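Before any comments, here is the structure.
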Protein chains: 2
Amino acid sequence: MGITERKTREKQALRERILEASRRIVMRDGFSALSMRKIADAIEYSPATLYLHFDSRDEIARTLCAEGYAQMLQSVAPLADVVDPGERLKAIGRAYVAFGVAHPETYRLIFMEDPSYTDAAFVGVAADAESGDAALRLMVDSIEQMKAAGRLPASVDAAVWTEAFWATLHGIVALRLTCPVFPHTPLDTVVDAALDAWFGSPPAAEPATTDNTAEIVATVEANPATTAKTAKRVASKRAPAKPKTAPA
Amino acid sequence: MGITERKTREKQALRERILEASRRIVMRDGFSALSMRKIADAIEYSPATLYLHFDSRDEIARTLCAEGYAQMLQSVAPLADVVDPGERLKAIGRAYVAFGVAHPETYRLIFMEDPSYTDAAFVGVAADAESGDAALRLMVDSIEQMKAAGRLPASVDAAVWTEAFWATLHGIVALRLTCPVFPHTPLDTVVDAALDAWFGSPPAAEPATTDNTAEIVATVEANPATTAKTAKRVASKRAPAKPKTAPA
DNA sequence: GTCTATAGTCAGATAGAC
DNA sequence: GTCTATCTGACTATAGAC
(Lines give C-alpha, C1' and ligand atoms only; values in the text may rest on other atoms or scores of the structure.)
Protein backbone atom coordinates (compact mmCIF):
# COMPACT_ATOMS: atom_id res chain seq x y z
CA MET A 1 0.00 0.00 0.00
CA GLY A 2 2.30 2.76 -1.20
CA ILE A 3 -0.37 5.40 -0.90
CA THR A 4 -0.93 5.04 2.83
CA GLU A 5 2.80 4.92 3.35
CA ARG A 6 3.22 8.16 1.49
CA LYS A 7 0.46 9.66 3.58
CA THR A 8 2.01 8.65 6.84
CA ARG A 9 5.35 9.86 5.58
CA GLU A 10 3.88 13.22 4.76
CA LYS A 11 2.20 13.34 8.11
CA GLN A 12 5.48 12.60 9.83
CA ALA A 13 7.14 15.29 7.77
CA LEU A 14 4.66 17.91 8.85
CA ARG A 15 5.01 16.79 12.44
CA GLU A 16 8.72 17.32 12.13
CA ARG A 17 8.23 20.75 10.60
CA ILE A 18 6.07 21.68 13.56
CA LEU A 19 8.75 20.61 16.00
CA GLU A 20 11.44 22.34 14.02
CA ALA A 21 9.54 25.61 14.01
CA SER A 22 8.82 25.21 17.71
CA ARG A 23 12.47 24.70 18.47
CA ARG A 24 13.34 27.82 16.55
CA ILE A 25 10.76 29.90 18.36
CA VAL A 26 11.81 28.60 21.76
CA MET A 27 15.45 29.29 20.99
CA ARG A 28 14.78 32.75 19.71
CA ASP A 29 11.98 34.12 21.87
CA GLY A 30 11.90 31.80 24.83
CA PHE A 31 9.43 29.20 25.87
CA SER A 32 6.77 31.61 27.02
CA ALA A 33 6.58 32.97 23.49
CA LEU A 34 5.81 29.57 22.05
CA SER A 35 2.21 29.75 20.93
CA MET A 36 0.20 27.66 18.54
CA ARG A 37 -0.41 30.70 16.44
CA LYS A 38 3.27 31.48 16.07
CA ILE A 39 4.07 27.92 15.14
CA ALA A 40 1.29 27.91 12.59
CA ASP A 41 2.53 31.14 11.10
CA ALA A 42 6.05 29.78 10.89
CA ILE A 43 5.09 26.68 8.96
CA GLU A 44 2.42 28.49 6.98
CA TYR A 45 -0.47 26.39 8.16
CA SER A 46 -3.52 27.30 10.19
CA PRO A 47 -3.46 26.85 13.95
CA ALA A 48 -6.15 24.20 13.73
CA THR A 49 -3.87 21.93 11.73
CA LEU A 50 -1.45 21.68 14.61
CA TYR A 51 -4.08 19.91 16.64
CA LEU A 52 -4.12 17.07 14.14
CA HIS A 53 -0.55 16.32 15.12
CA PHE A 54 -0.39 17.30 18.75
CA ASP A 55 -3.07 17.30 21.38
CA SER A 56 -1.95 20.56 22.87
CA ARG A 57 0.80 23.08 23.21
CA ASP A 58 1.92 21.14 26.24
CA GLU A 59 2.48 18.00 24.24
CA ILE A 60 4.69 19.91 21.83
CA ALA A 61 6.67 21.23 24.76
CA ARG A 62 7.07 17.78 26.23
CA THR A 63 8.26 16.45 22.90
CA LEU A 64 10.85 19.20 22.72
CA CYS A 65 12.00 18.24 26.19
CA ALA A 66 12.44 14.61 25.31
CA GLU A 67 14.34 15.47 22.14
CA GLY A 68 16.57 17.94 23.89
CA TYR A 69 17.38 15.60 26.71
CA ALA A 70 18.18 12.79 24.30
CA GLN A 71 20.53 15.15 22.52
CA MET A 72 22.27 15.99 25.76
CA LEU A 73 22.66 12.34 26.62
CA GLN A 74 24.27 11.81 23.25
CA SER A 75 26.92 14.34 24.11
CA VAL A 76 27.51 12.84 27.54
CA ALA A 77 27.32 9.11 26.85
CA PRO A 78 30.58 8.81 24.86
CA LEU A 79 32.44 10.21 27.84
CA ALA A 80 31.98 6.86 29.56
CA ASP A 81 35.08 5.89 27.59
CA VAL A 82 37.31 8.30 29.45
CA VAL A 83 39.60 6.06 31.45
CA ASP A 84 40.37 8.14 34.48
CA PRO A 85 37.25 8.54 36.64
CA GLY A 86 38.21 12.01 37.75
CA GLU A 87 38.76 13.17 34.20
CA ARG A 88 35.56 11.41 33.24
CA LEU A 89 33.57 13.37 35.78
CA LYS A 90 35.15 16.59 34.65
CA ALA A 91 34.46 15.79 31.03
CA ILE A 92 30.84 15.09 31.87
CA GLY A 93 30.60 18.34 33.75
CA ARG A 94 32.07 20.29 30.87
CA ALA A 95 29.79 18.60 28.35
CA TYR A 96 26.77 19.26 30.53
CA VAL A 97 27.54 22.94 30.92
CA ALA A 98 28.40 23.24 27.24
CA PHE A 99 25.06 21.80 26.28
CA GLY A 100 23.22 24.10 28.62
CA VAL A 101 24.74 27.30 27.31
CA ALA A 102 24.61 26.13 23.71
CA HIS A 103 20.88 25.41 23.95
CA PRO A 104 19.73 27.83 26.60
CA GLU A 105 16.02 27.69 25.96
CA THR A 106 15.97 23.94 25.65
CA TYR A 107 17.89 23.64 28.87
CA ARG A 108 15.60 26.07 30.54
CA LEU A 109 12.58 24.20 29.29
CA ILE A 110 13.81 20.89 30.64
CA PHE A 111 15.29 21.89 33.95
CA MET A 112 14.02 25.29 34.92
CA GLU A 113 10.46 25.61 33.82
CA ASP A 114 8.25 22.99 35.35
CA PRO A 115 8.87 19.66 37.02
CA SER A 116 6.47 17.95 34.65
CA TYR A 117 8.74 18.89 31.76
CA THR A 118 11.68 17.31 33.48
CA ASP A 119 9.65 14.17 33.85
CA ALA A 120 8.70 14.33 30.19
CA ALA A 121 12.35 14.55 29.23
CA PHE A 122 13.28 11.50 31.27
CA VAL A 123 10.26 9.48 30.28
CA GLY A 124 10.59 10.39 26.64
CA VAL A 125 14.12 9.13 26.48
CA ALA A 126 13.26 5.66 27.68
CA ALA A 127 10.21 3.73 28.73
CA ASP A 128 11.66 2.43 31.97
CA ALA A 129 12.60 5.01 34.53
CA GLU A 130 16.01 3.48 35.11
CA SER A 131 17.69 3.92 31.76
CA GLY A 132 16.83 7.58 31.64
CA ASP A 133 19.26 7.93 34.45
CA ALA A 134 22.17 6.56 32.49
CA ALA A 135 24.07 9.78 32.95
CA LEU A 136 23.39 9.71 36.66
CA ARG A 137 24.56 6.16 36.96
CA LEU A 138 27.72 7.02 35.08
CA MET A 139 28.44 9.76 37.56
CA VAL A 140 27.69 7.60 40.57
CA ASP A 141 29.94 4.84 39.27
CA SER A 142 32.75 7.26 38.54
CA ILE A 143 32.61 8.62 42.04
CA GLU A 144 32.63 5.11 43.44
CA GLN A 145 35.75 4.40 41.42
CA MET A 146 37.42 7.47 42.81
CA LYS A 147 36.55 6.34 46.30
CA ALA A 148 37.96 2.89 45.57
CA ALA A 149 41.15 4.50 44.33
CA GLY A 150 41.41 6.51 47.50
CA ARG A 151 41.02 9.79 45.67
CA LEU A 152 37.91 10.64 47.62
CA PRO A 153 37.28 9.98 51.29
CA ALA A 154 35.61 6.67 52.02
CA SER A 155 32.91 8.55 53.87
CA VAL A 156 31.62 10.01 50.62
CA ASP A 157 28.16 8.84 49.59
CA ALA A 158 28.36 8.55 45.82
CA ALA A 159 24.66 9.15 45.27
CA VAL A 160 24.68 12.24 47.42
CA TRP A 161 27.80 13.58 45.79
CA THR A 162 26.29 12.98 42.39
CA GLU A 163 23.29 15.04 43.30
CA ALA A 164 25.38 17.80 44.79
CA PHE A 165 27.78 17.80 41.85
CA TRP A 166 24.92 17.91 39.39
CA ALA A 167 23.49 20.79 41.37
CA THR A 168 26.78 22.61 40.90
CA LEU A 169 26.70 22.12 37.15
CA HIS A 170 23.07 23.12 37.04
CA GLY A 171 23.81 26.21 39.05
CA ILE A 172 26.57 27.29 36.72
CA VAL A 173 24.32 26.93 33.70
CA ALA A 174 21.32 28.48 35.40
CA LEU A 175 23.26 31.52 36.58
CA ARG A 176 24.52 32.10 33.07
CA LEU A 177 21.07 31.84 31.59
CA THR A 178 19.08 34.03 33.93
CA CYS A 179 21.28 35.87 36.31
CA PRO A 180 24.20 37.80 34.88
CA VAL A 181 25.26 39.11 38.24
CA PHE A 182 28.93 38.45 37.97
CA PRO A 183 30.63 40.71 35.51
CA HIS A 184 32.81 38.97 33.05
CA THR A 185 34.33 35.81 34.38
CA PRO A 186 34.74 33.47 31.42
CA LEU A 187 32.51 30.46 31.67
CA ASP A 188 35.38 28.00 31.34
CA THR A 189 37.16 29.60 34.25
CA VAL A 190 34.18 29.16 36.51
CA VAL A 191 33.66 25.59 35.37
CA ASP A 192 37.29 24.75 35.97
CA ALA A 193 37.17 26.24 39.43
CA ALA A 194 34.16 24.11 40.31
CA LEU A 195 35.63 20.95 38.83
CA ASP A 196 38.87 21.47 40.69
CA ALA A 197 37.02 22.11 43.90
CA TRP A 198 35.08 18.90 43.52
CA PHE A 199 37.63 16.49 42.20
CA GLY A 200 40.97 18.20 42.44
CA SER A 201 43.41 18.64 39.64
CA PRO A 202 44.46 15.46 37.92
CA PRO A 203 47.99 14.27 38.60
CA ALA A 204 48.24 13.63 34.87
CA ALA A 205 47.61 17.22 33.97
CA GLU A 206 51.35 17.69 33.71
CA PRO A 207 52.69 17.86 30.20
CA ALA A 208 55.44 15.50 31.21
CA THR A 209 54.50 11.88 30.66
CA THR A 210 56.98 10.73 33.22
CA ASP A 211 56.08 9.94 36.74
CA ASN A 212 55.61 13.13 38.65
CA THR A 213 55.14 11.68 42.07
CA ALA A 214 58.11 13.54 43.40
CA GLU A 215 56.74 16.87 42.44
CA ILE A 216 53.40 16.17 44.07
CA VAL A 217 55.11 15.04 47.23
CA ALA A 218 57.16 18.19 47.21
CA THR A 219 54.05 20.26 46.83
CA VAL A 220 52.34 18.52 49.67
CA GLU A 221 55.30 18.85 51.93
CA ALA A 222 55.43 22.53 51.24
CA ASN A 223 52.01 22.79 52.86
CA PRO A 224 52.17 20.47 55.82
CA ALA A 225 49.18 22.02 57.49
CA THR A 226 46.76 21.01 54.78
CA THR A 227 44.72 17.87 54.98
CA ALA A 228 44.72 15.21 52.32
CA LYS A 229 41.77 16.75 50.57
CA THR A 230 43.20 20.18 50.30
CA ALA A 231 46.57 18.74 49.45
CA LYS A 232 45.12 17.40 46.26
CA ARG A 233 43.98 20.84 45.39
CA VAL A 234 47.41 22.21 46.13
CA ALA A 235 48.73 19.84 43.50
CA SER A 236 46.81 21.88 40.95
CA LYS A 237 48.85 22.95 38.00
CA ARG A 238 46.01 24.86 36.44
CA ALA A 239 47.13 28.26 35.43
CA PRO A 240 45.81 30.58 38.08
CA ALA A 241 43.21 32.91 36.73
CA LYS A 242 44.30 36.46 36.68
CA PRO A 243 42.77 38.04 39.75
CA LYS A 244 40.07 40.41 38.76
CA THR A 245 38.56 43.20 40.68
CA ALA A 246 35.77 42.20 42.98
CA PRO A 247 32.39 41.83 41.31
CA ALA A 248 30.64 45.14 40.81
CA MET B 1 -0.69 69.10 58.85
CA GLY B 2 -2.18 66.00 60.46
CA ILE B 3 -4.60 65.43 57.64
CA THR B 4 -2.06 65.02 54.90
CA GLU B 5 -0.02 62.80 57.18
CA ARG B 6 -2.98 60.55 57.77
CA LYS B 7 -3.59 60.46 54.03
CA THR B 8 -0.06 59.46 53.20
CA ARG B 9 -0.18 56.92 55.99
CA GLU B 10 -3.33 55.41 54.55
CA LYS B 11 -1.79 55.41 51.12
CA GLN B 12 1.25 53.61 52.44
CA ALA B 13 -0.98 51.09 54.16
CA LEU B 14 -2.79 50.25 50.97
CA ARG B 15 0.50 49.98 49.15
CA GLU B 16 1.61 47.51 51.75
CA ARG B 17 -1.58 45.52 51.42
CA ILE B 18 -0.99 45.30 47.69
CA LEU B 19 2.50 43.96 48.23
CA GLU B 20 1.31 41.57 50.90
CA ALA B 21 -1.36 40.14 48.65
CA SER B 22 1.15 39.91 45.81
CA ARG B 23 3.57 38.00 47.98
CA ARG B 24 0.85 35.57 48.94
CA ILE B 25 -0.18 35.00 45.34
CA VAL B 26 3.39 34.51 44.20
CA MET B 27 4.04 32.08 47.02
CA ARG B 28 0.90 30.10 46.38
CA ASP B 29 0.46 30.12 42.62
CA GLY B 30 3.81 31.19 41.30
CA PHE B 31 4.91 34.36 39.67
CA SER B 32 3.22 33.74 36.37
CA ALA B 33 -0.11 33.70 38.17
CA LEU B 34 0.46 37.15 39.59
CA SER B 35 -1.99 39.40 37.80
CA MET B 36 -3.41 42.78 38.59
CA ARG B 37 -6.87 41.26 38.68
CA LYS B 38 -5.92 38.68 41.26
CA ILE B 39 -4.22 41.23 43.44
CA ALA B 40 -7.24 43.50 43.21
CA ASP B 41 -9.55 40.65 44.11
CA ALA B 42 -7.41 39.71 47.06
CA ILE B 43 -7.45 43.18 48.61
CA GLU B 44 -11.03 43.82 47.53
CA TYR B 45 -10.26 46.80 45.37
CA SER B 46 -10.67 47.33 41.69
CA PRO B 47 -7.73 46.68 39.37
CA ALA B 48 -7.59 50.33 38.42
CA THR B 49 -6.74 51.31 41.97
CA LEU B 50 -3.53 49.39 41.82
CA TYR B 51 -2.26 51.75 39.18
CA LEU B 52 -2.43 54.60 41.66
CA HIS B 53 0.26 52.90 43.70
CA PHE B 54 2.31 51.12 41.10
CA ASP B 55 3.00 51.97 37.52
CA SER B 56 2.69 48.41 36.35
CA ARG B 57 2.70 44.79 37.29
CA ASP B 58 6.41 44.84 36.62
CA GLU B 59 7.01 47.48 39.24
CA ILE B 60 5.22 45.35 41.80
CA ALA B 61 7.39 42.42 40.85
CA ARG B 62 10.54 44.49 41.15
CA THR B 63 9.48 45.72 44.55
CA LEU B 64 8.94 42.15 45.68
CA CYS B 65 12.42 41.32 44.44
CA ALA B 66 14.03 44.11 46.34
CA GLU B 67 12.19 43.22 49.53
CA GLY B 68 13.01 39.54 49.21
CA TYR B 69 16.65 40.17 48.54
CA ALA B 70 16.92 42.52 51.48
CA GLN B 71 15.40 39.83 53.64
CA MET B 72 17.94 37.33 52.43
CA LEU B 73 20.79 39.72 53.14
CA GLN B 74 19.47 40.10 56.66
CA SER B 75 19.84 36.40 57.22
CA VAL B 76 23.32 36.32 55.73
CA ALA B 77 24.85 39.51 57.08
CA PRO B 78 25.14 38.42 60.74
CA LEU B 79 27.24 35.50 59.63
CA ALA B 80 30.10 37.88 59.06
CA ASP B 81 30.71 37.41 62.77
CA VAL B 82 31.64 33.77 62.39
CA VAL B 83 35.32 33.70 63.21
CA ASP B 84 36.61 30.82 61.15
CA PRO B 85 36.45 31.73 57.45
CA GLY B 86 35.69 28.16 56.42
CA GLU B 87 32.84 27.88 58.86
CA ARG B 88 31.70 31.32 57.83
CA LEU B 89 31.46 30.27 54.20
CA LYS B 90 29.58 27.16 55.16
CA ALA B 91 27.21 29.12 57.34
CA ILE B 92 26.55 31.52 54.49
CA GLY B 93 25.89 28.62 52.19
CA ARG B 94 23.46 27.05 54.59
CA ALA B 95 21.65 30.31 55.18
CA TYR B 96 21.42 30.95 51.47
CA VAL B 97 19.94 27.56 50.73
CA ALA B 98 17.63 27.80 53.68
CA PHE B 99 16.27 31.09 52.44
CA GLY B 100 15.77 29.71 48.97
CA VAL B 101 13.72 26.72 50.03
CA ALA B 102 11.85 28.68 52.66
CA HIS B 103 10.74 31.30 50.13
CA PRO B 104 10.69 29.36 46.89
CA GLU B 105 8.68 31.74 44.79
CA THR B 106 10.55 34.78 45.99
CA TYR B 107 13.80 33.06 45.25
CA ARG B 108 12.55 32.03 41.87
CA LEU B 109 11.42 35.52 41.13
CA ILE B 110 14.77 37.05 41.99
CA PHE B 111 17.17 34.53 40.51
CA MET B 112 15.33 32.35 38.05
CA GLU B 113 12.81 34.43 36.22
CA ASP B 114 14.38 37.31 34.41
CA PRO B 115 17.71 39.09 34.62
CA SER B 116 15.98 42.42 35.04
CA TYR B 117 14.44 41.18 38.27
CA THR B 118 17.84 40.26 39.58
CA ASP B 119 18.98 43.75 38.81
CA ALA B 120 15.93 45.13 40.57
CA ALA B 121 16.77 43.13 43.67
CA PHE B 122 20.32 44.43 43.78
CA VAL B 123 19.44 47.99 42.94
CA GLY B 124 16.52 48.03 45.33
CA VAL B 125 18.68 47.07 48.24
CA ALA B 126 21.05 49.97 47.85
CA ALA B 127 21.42 52.97 45.64
CA ASP B 128 25.07 52.41 44.84
CA ALA B 129 25.88 49.21 43.04
CA GLU B 130 28.66 48.30 45.44
CA SER B 131 26.84 47.78 48.68
CA GLY B 132 24.29 45.48 47.12
CA ASP B 133 27.08 43.00 46.81
CA ALA B 134 27.86 42.92 50.48
CA ALA B 135 27.22 39.20 50.57
CA LEU B 136 29.50 38.67 47.60
CA ARG B 137 32.25 40.69 49.17
CA LEU B 138 31.92 38.72 52.36
CA MET B 139 32.40 35.52 50.45
CA VAL B 140 35.35 36.84 48.48
CA ASP B 141 37.02 38.07 51.64
CA SER B 142 36.44 34.78 53.42
CA ILE B 143 38.03 32.85 50.57
CA GLU B 144 40.97 35.23 50.61
CA GLN B 145 41.39 34.56 54.31
CA MET B 146 41.39 30.84 53.70
CA LYS B 147 44.06 31.30 51.06
CA ALA B 148 46.10 33.37 53.46
CA ALA B 149 45.79 30.63 56.05
CA GLY B 150 47.01 28.05 53.57
CA ARG B 151 43.69 26.22 53.58
CA LEU B 152 43.16 26.87 49.91
CA PRO B 153 45.78 26.86 47.17
CA ALA B 154 47.36 30.19 46.44
CA SER B 155 46.35 29.78 42.82
CA VAL B 156 42.69 30.14 43.73
CA ASP B 157 41.06 33.25 42.37
CA ALA B 158 38.71 34.35 45.12
CA ALA B 159 36.33 36.12 42.78
CA VAL B 160 36.07 33.10 40.50
CA TRP B 161 35.61 30.73 43.40
CA THR B 162 32.92 32.94 44.81
CA GLU B 163 31.03 32.80 41.57
CA ALA B 164 31.45 29.05 41.28
CA PHE B 165 30.51 28.48 44.90
CA TRP B 166 27.47 30.67 44.56
CA ALA B 167 26.55 28.73 41.46
CA THR B 168 26.68 25.57 43.55
CA LEU B 169 24.34 26.99 46.15
CA HIS B 170 22.07 28.32 43.48
CA GLY B 171 22.02 24.95 41.77
CA ILE B 172 21.04 23.16 44.96
CA VAL B 173 18.16 25.53 45.53
CA ALA B 174 17.10 25.58 41.89
CA LEU B 175 17.05 21.80 41.61
CA ARG B 176 14.87 21.57 44.69
CA LEU B 177 12.47 24.15 43.37
CA THR B 178 11.92 22.96 39.84
CA CYS B 179 13.51 19.63 39.23
CA PRO B 180 12.73 16.86 41.69
CA VAL B 181 14.80 14.34 39.80
CA PHE B 182 16.66 12.82 42.67
CA PRO B 183 14.47 10.71 44.85
CA HIS B 184 14.76 11.47 48.50
CA THR B 185 18.12 12.74 49.53
CA PRO B 186 17.58 15.12 52.43
CA LEU B 187 18.46 18.67 51.59
CA ASP B 188 20.90 19.03 54.45
CA THR B 189 22.82 16.01 53.29
CA VAL B 190 23.29 17.46 49.84
CA VAL B 191 24.27 20.81 51.21
CA ASP B 192 26.82 19.27 53.53
CA ALA B 193 28.32 17.25 50.71
CA ALA B 194 28.74 20.36 48.62
CA LEU B 195 30.20 22.39 51.47
CA ASP B 196 32.65 19.64 52.29
CA ALA B 197 33.66 19.33 48.68
CA TRP B 198 34.34 23.05 48.50
CA PHE B 199 35.95 23.82 51.79
CA GLY B 200 36.82 20.49 53.31
CA SER B 201 35.50 18.79 56.36
CA PRO B 202 35.76 20.60 59.66
CA PRO B 203 38.73 19.52 61.77
CA ALA B 204 36.41 17.59 64.08
CA ALA B 205 35.19 15.43 61.25
CA GLU B 206 38.70 14.70 60.06
CA PRO B 207 40.38 12.88 62.94
CA ALA B 208 43.62 12.19 61.07
CA THR B 209 45.76 15.27 61.50
CA THR B 210 48.92 13.45 60.66
CA ASP B 211 50.76 13.78 57.42
CA ASN B 212 49.13 11.63 54.76
CA THR B 213 51.57 12.09 51.95
CA ALA B 214 52.03 8.38 51.69
CA GLU B 215 48.39 7.87 50.91
CA ILE B 216 48.47 10.34 48.08
CA VAL B 217 51.58 8.81 46.60
CA ALA B 218 49.91 5.44 46.73
CA THR B 219 46.92 6.84 44.90
CA VAL B 220 48.99 8.25 42.12
CA GLU B 221 50.93 5.06 41.67
CA ALA B 222 47.73 3.05 41.62
CA ASN B 223 46.74 4.72 38.37
CA PRO B 224 49.79 4.41 36.18
CA ALA B 225 47.74 3.92 33.02
CA THR B 226 46.33 7.40 33.04
CA THR B 227 49.13 9.31 31.48
CA ALA B 228 48.79 12.90 30.60
CA LYS B 229 48.30 12.31 26.91
CA THR B 230 45.51 9.78 26.96
CA ALA B 231 43.60 11.39 29.74
CA LYS B 232 43.67 14.81 28.22
CA ARG B 233 42.92 13.74 24.70
CA VAL B 234 39.86 11.76 25.56
CA ALA B 235 38.67 14.37 27.95
CA SER B 236 38.89 17.21 25.46
CA LYS B 237 36.06 15.99 23.26
CA ARG B 238 33.67 18.50 24.64
CA ALA B 239 31.93 20.82 22.31
CA PRO B 240 32.87 24.48 22.35
CA ALA B 241 30.46 26.56 24.32
CA LYS B 242 28.46 29.07 22.36
CA PRO B 243 27.08 31.40 24.98
CA LYS B 244 23.79 33.00 24.19
CA THR B 245 21.98 34.98 26.76
CA ALA B 246 18.32 34.26 27.25
CA PRO B 247 16.02 36.87 25.83
CA ALA B 248 13.91 38.87 28.17
C1' DG C 1 -9.33 58.05 45.48
C1' DT C 2 -12.04 54.78 43.89
C1' DC C 3 -14.99 52.91 40.96
C1' DT C 4 -17.28 50.83 36.47
C1' DA C 5 -16.69 49.90 31.97
C1' DT C 6 -14.03 48.96 28.34
C1' DA C 7 -10.34 49.09 24.86
C1' DG C 8 -7.00 46.31 22.91
C1' DT C 9 -4.17 41.98 22.78
C1' DC C 10 -3.11 37.76 23.19
C1' DA C 11 -3.92 32.89 24.30
C1' DG C 12 -5.69 27.67 23.49
C1' DA C 13 -8.83 25.16 21.48
C1' DT C 14 -12.96 23.78 18.47
C1' DA C 15 -16.94 23.54 14.82
C1' DG C 16 -18.05 22.95 10.55
C1' DA C 17 -17.33 24.16 5.55
C1' DC C 18 -14.65 22.48 1.67
C1' DG D 1 -6.50 17.21 5.90
C1' DT D 2 -6.90 21.75 5.86
C1' DC D 3 -9.14 25.74 6.20
C1' DT D 4 -11.96 29.97 8.03
C1' DA D 5 -14.29 31.69 11.65
C1' DT D 6 -15.18 31.76 16.19
C1' DC D 7 -15.63 30.72 21.20
C1' DT D 8 -13.89 31.44 25.68
C1' DG D 9 -11.07 33.46 28.68
C1' DA D 10 -6.97 35.52 30.27
C1' DC D 11 -4.26 39.76 30.63
C1' DT D 12 -2.52 45.08 31.09
C1' DA D 13 -3.88 49.38 31.12
C1' DT D 14 -6.88 53.51 30.63
C1' DA D 15 -11.00 56.82 30.38
C1' DG D 16 -14.25 58.99 32.68
C1' DA D 17 -18.12 58.95 36.15
C1' DC D 18 -18.72 59.66 41.04
Side-chain angles (χ1 to χ4, degrees), chain A residues 1-22 25-26 28-65 105 109 113-114 116-117 120, chain B residues 1-22 24-26 28-64 105 109 113-114 116-117 120 247-248:
Chain A
M1 295 307 166
I3 293 174
T4 58
E5 285 172 1
R6 173 178 58 79
K7 292 253 175 115
T8 56
R9 217 167 40 234
E10 284 173 1
K11 181 154 183 168
Q12 272 303 110
L14 186 50
R15 185 185 158 93
E16 195 43 54
R17 283 189 62 195
I18 293 173
L19 289 176
E20 194 182 327
S22 302
I25 293 170
V26 168
R28 197 189 51 206
D29 306 329
F31 172 64
S32 63
L34 179 69
S35 73
M36 301 302 262
R37 287 170 149 75
K38 266 193 196 154
I39 300 170
D41 278 354
I43 64 171
E44 296 178 310
Y45 275 76
S46 86
T49 302
L50 302 181
Y51 290 93
L52 299 176
H53 298 266
F54 295 93
D55 279 347
S56 67
R57 169 179 179 271
D58 222 53
E59 194 190 320
I60 295 179
R62 282 197 301 270
T63 306
L64 290 181
C65 285
E105 293 302 339
L109 183 56
E113 210 69 44
D114 192 287
S116 72
Y117 290 151
Chain B
M1 293 301 176
I3 292 175
T4 58
E5 285 172 1
R6 174 179 58 80
K7 291 258 176 111
T8 56
R9 219 167 38 233
E10 284 172 359
K11 181 154 184 168
Q12 273 301 111
L14 186 49
R15 184 186 160 96
E16 196 43 55
R17 283 189 63 195
I18 293 173
L19 289 176
E20 194 181 328
S22 302
R24 209 169 49 243
I25 293 171
V26 168
R28 198 188 51 206
D29 305 329
F31 171 64
S32 63
L34 180 70
S35 73
M36 302 303 262
R37 283 168 148 77
K38 268 193 195 152
I39 301 170
D41 277 356
I43 64 172
E44 297 178 308
Y45 276 77
S46 85
T49 303
L50 302 182
Y51 290 93
L52 298 175
H53 297 80
F54 295 93
D55 280 346
S56 67
R57 170 180 179 270
D58 222 54
E59 193 191 322
I60 295 179
R62 282 197 301 269
T63 306
L64 290 182
E105 293 302 340
L109 183 57
E113 211 70 45
D114 193 285
S116 71
Y117 290 151

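Per chain, numbering begins at 1; letters A, B, ... match sequence-line order. Note that the structure is a prediction, hence the values are computed from the model and not measured.
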Give each protein N/O atom lying under 3.5 Å from an N/O atom of nucleotides 13-15 of chain C, with the pair distance.
from: dA13(C); atom 1: OP2; to: Y51(A); atom 2: OH; distance (Å): 2.9
from: dA13(C); atom 1: OP2; to: R57(A); atom 2: N; distance (Å): 3.2
from: dA13(C); atom 1: O5'; to: Y51(A); atom 2: OH; distance (Å): 3.4

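When heavy atoms are screened at a 4.0 angstrom cut-off, L50(B) is found touching no nucleic acid atom at all. Among the heavy atoms of the strands lying under 4.0 Å from S35(A) are primed sugar atoms or P, OP1, OP2 only; no base atom is included. Nucleic acid contact for I39(A): none, since no nucleic acid atom lies under 4.0 Å from a heavy atom of the residue.
Remark: C1' of dC11(D) and CG of D29(B) are 15 Å apart, rounded to the nearest angstrom. Going from atom OH of Y45(B) over to atom P of dA5(C) covers 19 Å, rounded to whole Å.
Residues passing the side chain to side chain donor-acceptor pair (under 3.5 Å) test with E10(A), sequence neighbours excluded: R6(A). With sequence neighbours excluded, the residues forming a side chain to side chain donor-acceptor pair (under 3.5 Å) with T49(B) are S46(B), listed by chain and number. With sequence neighbours excluded, no residue satisfies side chain to side chain donor-acceptor pair (under 3.5 Å) with R57(A). In this structure, the side chain to side chain donor-acceptor pair (under 3.5 Å) partners of E16(B), at least two apart in sequence or on a different chain, are R23(B).
Evaluation of the ring-ring contact (aromatic ring centres under 6.0 Å, His included) test over residues 40-63 of chain A, restricted to residues two or more places apart or in two chains, returns none.
At a threshold of 4.0 Å, the pair R62(B)-D58(B) counts as salt-bridged, since one of the basic side-chain nitrogens sits closer than that to a carboxylate oxygen.
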